[in-house]
S.K.: 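Following this message is one structure expressed as structure tokens.
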Amino acid sequence: MTAALEVRGLTTRFETRGGDVTAVNNVSFSVEKGRILGLVGESGSGKSVTGFSILGLIDPPGEVCAGEVLVDGNDLRKLSDEDMRKMRGNRVAMVFQDPMMTLNPVLRVGDQMAMAVRVHRKMSKAEAWEESRKALDTVGIPSPEERLRAYPHQLSGGMRQRVAIAMALLHSPAVIIADEATTALDVSIQGQILAEVRDLADRTGAAIVWITHDLAVVSSLADDICVMYAGRIVERGTAEQVIGQPRHPYTKGLLDSIPARHEPGTPLPQIPGSTPQLSRLPSGCPFRPRCPRATEVCATEPPVVTVDGQTVLCHHPLERT
Amino acid sequence: MTDPILKIDHVSKRFTRMPGLAERWVGKLTGGGKPVVVHALSDVSLEVTKREVLGIVGESGCGKSTLGRVVAGIYAPSDGSVTLHGKPIAREHGGNVDKLTTQVQMIHQDPFASLNPRMKVGETLAEGPRHHKIIPANQVRERMRELLEKVGLEGAYADRLPHQFSGGQRQRVAIARALAMEPEVLVLDEAVASLDVSIQAQVLNLFMDLRRDLGLTALFISHDLSVVRHVCDRVAIMYLGRLVELAPADELYAEPKHPYTQALFASVPTVGTGKGRFEAIKGEIPSPIDPPPGCAFHPRCPFAGPRCRAEVPRLTGAGTARTVACHLNDGGVEMKTEAAA
């Protein structure tokens, strides 16, 4: 099966006063049609910058300096600005954490959705409204005609996020990138949206990259998982592999520190130290200073180890049991 | 069971927004322009015993933060009373709230917003105890160093500014600041919600250690059910300003009784559930400006009957030490003549 999205060796740097910082470091993954890839990491791991880099949304002082982003076999990085604009929102769409970032507060929902439709397709305004109504219907918004005439402030947070997702769906994109799309929502509303997203992937065949810090969300939503740390993908595999049998010490540490996995009241296993600053990374494996398995060899670049499609970037991966 | 030290007795809290000048003018013509009243808390009663950690769980708008603030004496209740050892915590007079005790201290969610960026953390820690003369002036510096060490930082950090700390370290400072007042009760409002998973475990471990060493009593407010289960003895579930269920943590998690609690548990994704299993609650959280009549959950509840639309369910006993506010637990959801009488 061919991948809807394939990312190869993506690297993004930012120039800062403290020197150059590599926010995304040689990141590679692919997502097939109708599958959901969970991109997990803590703050500063580069997961959001990866999403922005794919869509070519990095502005100076940042720069995507290497790698390929293949959608439908085309390398997005080689496209002209004009051609890239044609892809964005059409073949590749993005959903952000804060729906108010996506929605224009002074336009009615229907007007801005119709505008988004007509950017990529020639049709009358009435037809574009009809398309928008269908899209709202797809994401489970009750009485969509009414919502089209509403302004964003008249909708609840969950409803706004659904509208943002509906807008991403307008042109049946091959790839949807969602960055912390349910993080700001209440759990009951998050549950509704995750169910819709799962259904969307199955029904429309869109490949979805779901970026989040929440392991519980990806473990129940995603087919495949990539774990990021300090700009690198340190582990990659199917959800069952990564959650059920993590091989990178960082993934293991993250999973172990989740309270639900322990007897109430008992001390939680914790990863010592704090998330690293990208401008002051140690040589070799960036997780080395916090890692219980680290040895001298970890000061050199860690090798890529792949078994059964589960890939880890580590000198001392955990044994498979 | 020992006597409760903290009593929240039939507390309600309403916030009123007066209409602006223009709204009043328009209101004269249209009949609107009346004050908008938000019912943040409605008739909440809770008791907390010494050394107990009580979890308060709910979604946005359920009143959990308002409850925390009423207990911490930041707001005075509109009705009812909050007392610590029988003495009120705050009193309203002339539009201001007078906090009457330093025995309740609060820890906020965002350690980036709750620390003064221009004050050395040692100064931040010392400000309260100095003002209230809790620690003799000549011992303040030494005590602050001890406190920093107690929360897992170095004493020498007292001379640093907040921006020199990571998020997890800042939250440790915020905890130290609350402890500096030598409080009997802590109110933690989403205290670990903004931290990364690996840092969250560190702060939860610190909280459990401090609780054991200092014999703390705490109100632990959170939306995260797994965190609450890990640190709390009893858990109160809130919905739209009301308490809907109160039970010892292990019993609640083993068998939630209120339909809302059940739905909440079902919609939380957990690590390893396998994919695609979301049993979402239908509908949206109603507005606390105009809460639904009867049981506030009835528009979303799969078991709702006529009685739920008319009568507010009271908290009634459901087994040992458990209470639940649901008509299912109190004679059924159908309208009865004797219920109306």
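Below, all heavy atoms of this structure are taken into account, side chains as well, without hydrogens, waters or symmetry copies. Nothing here was measured: the structure is a model prediction, and the numbers come from that model. Below, chain A is the first sequence line, B the second, and so on; all start at residue 1.
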S.K.: Quick check: do Gln270(A) and Leu204(B) have side-chain heavy atoms less than 4.5 Å from each other?
M.R.: no
S.K.: What residue in Ala201(B), Ser198(B), Gly61(B) has the most heavy-atom pairs under 4.5 Å with chain A?
M.R.: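 Winner by heavy-atom pair count: Ser198(B).
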S.K.: Contact part of Gln277(A) toward chain B, heavy-atom cut-off under 4.5 Å: side chain, backbone, both or neither?
M.R.: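 No part of it gets close to chain B.
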S.K.: Under 4.5 Å heavy-atom distance to chain B, tell me which part of Pro142(A) shows up: side chain, backbone, both or neither.
M.R.: neither
S.K.: How far does CD of Gln200(B) sit from OG of Ser257(A), to the nearest 0.5 angstrom?
M.R.: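 Separation between the atoms: 7.5 Å.
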S.K.: How would you list, in number order, the residues of residues 161-174 of chain B that have a heavy atom less than 4.5 Å from chain A?
M.R.: Ser166(B)
S.K.: What option among Gly253(A), Pro272(A), Gly265(A) has the most heavy-atom pairs under 4.5 Å with chain B?
M.R.: Gly265(A)
S.K.: Could you go through Glu59(B) and Ser188(A), starting from their C-alpha distance and side-chain angles, then the distance that decides it, and tell me whether this counts as side-chain hydrogen bond (donor to acceptor under 3.5 Å, both in side chains)?
M.R.: CA-CA 8 Å; Glu59(B) 298 183 281; Ser188(A) 69; 2.7 Å; yes
S.K.: Which residue in the set Val40(A), Asp214(A), Ile258(A), Ile271(A) passes side chain to side chain contact (heavy atoms under 4.5 Å, CB included) when paired with Val197(B)?
M.R.: Ile258(A)
S.K.: Within the supplied structure, the quantity of interest is the number of heavy atoms (other residues, nucleotides, ligands) at a distance under 6.0 Å from Arg211(B) CZ; does it exceed 12?
M.R.: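 For Arg211(B), atom CZ is crowded (more than 12 foreign heavy atoms under 6.0 Å).
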S.K.: Just by modelled atom types, is the Thr266(A) backbone N or O under 3.5 Å from a matching donor or acceptor in the His230(B) side chain?
M.R.: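 Pair found, side chain donor or acceptor close to backbone of Thr266(A).
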S.K.: Measuring heavy-atom distances to chain B, does Leu255(A) have an atom under 4.5 Å in its side chain, in its backbone, in both, or in neither?
M.R.: side chain
S.K.: For the CG atom of Leu195(B) and the OG atom of Ser43(A), what is their distance to the nearest 0.5 Å?
M.R.: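 Between atom CG of Leu195(B) and atom OG of Ser43(A) there are 9.0 Å.
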S.K.: Roughly how far apart are Ile285(B) CD1 and Asp186(A) CG, rounded to 0.5 Å?
M.R.: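 Output value for this atom pair is 4.0 Å.
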S.K.: Rounded to the nearest 0.5 Å, how far does CD of Gln190(A) lie from NE2 of His223(B)?
M.R.: 8.5 Å
S.K.: Kindly check if the number of other-residue, nucleotide or ligand heavy atoms within 6.0 Å of CZ (Arg280(A)) is above 12?
M.R.: no
S.K.: So which heavy atom on Ile199(B) is nearest to which on Glu42(A), and how close?
M.R.: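 It is N-OE2, 4.4 Å.
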S.K.: Report which part of Arg300(B) has an atom under 4.5 Å of a heavy atom belonging to chain A: side chain, backbone, both, or neither.
M.R.: side chain
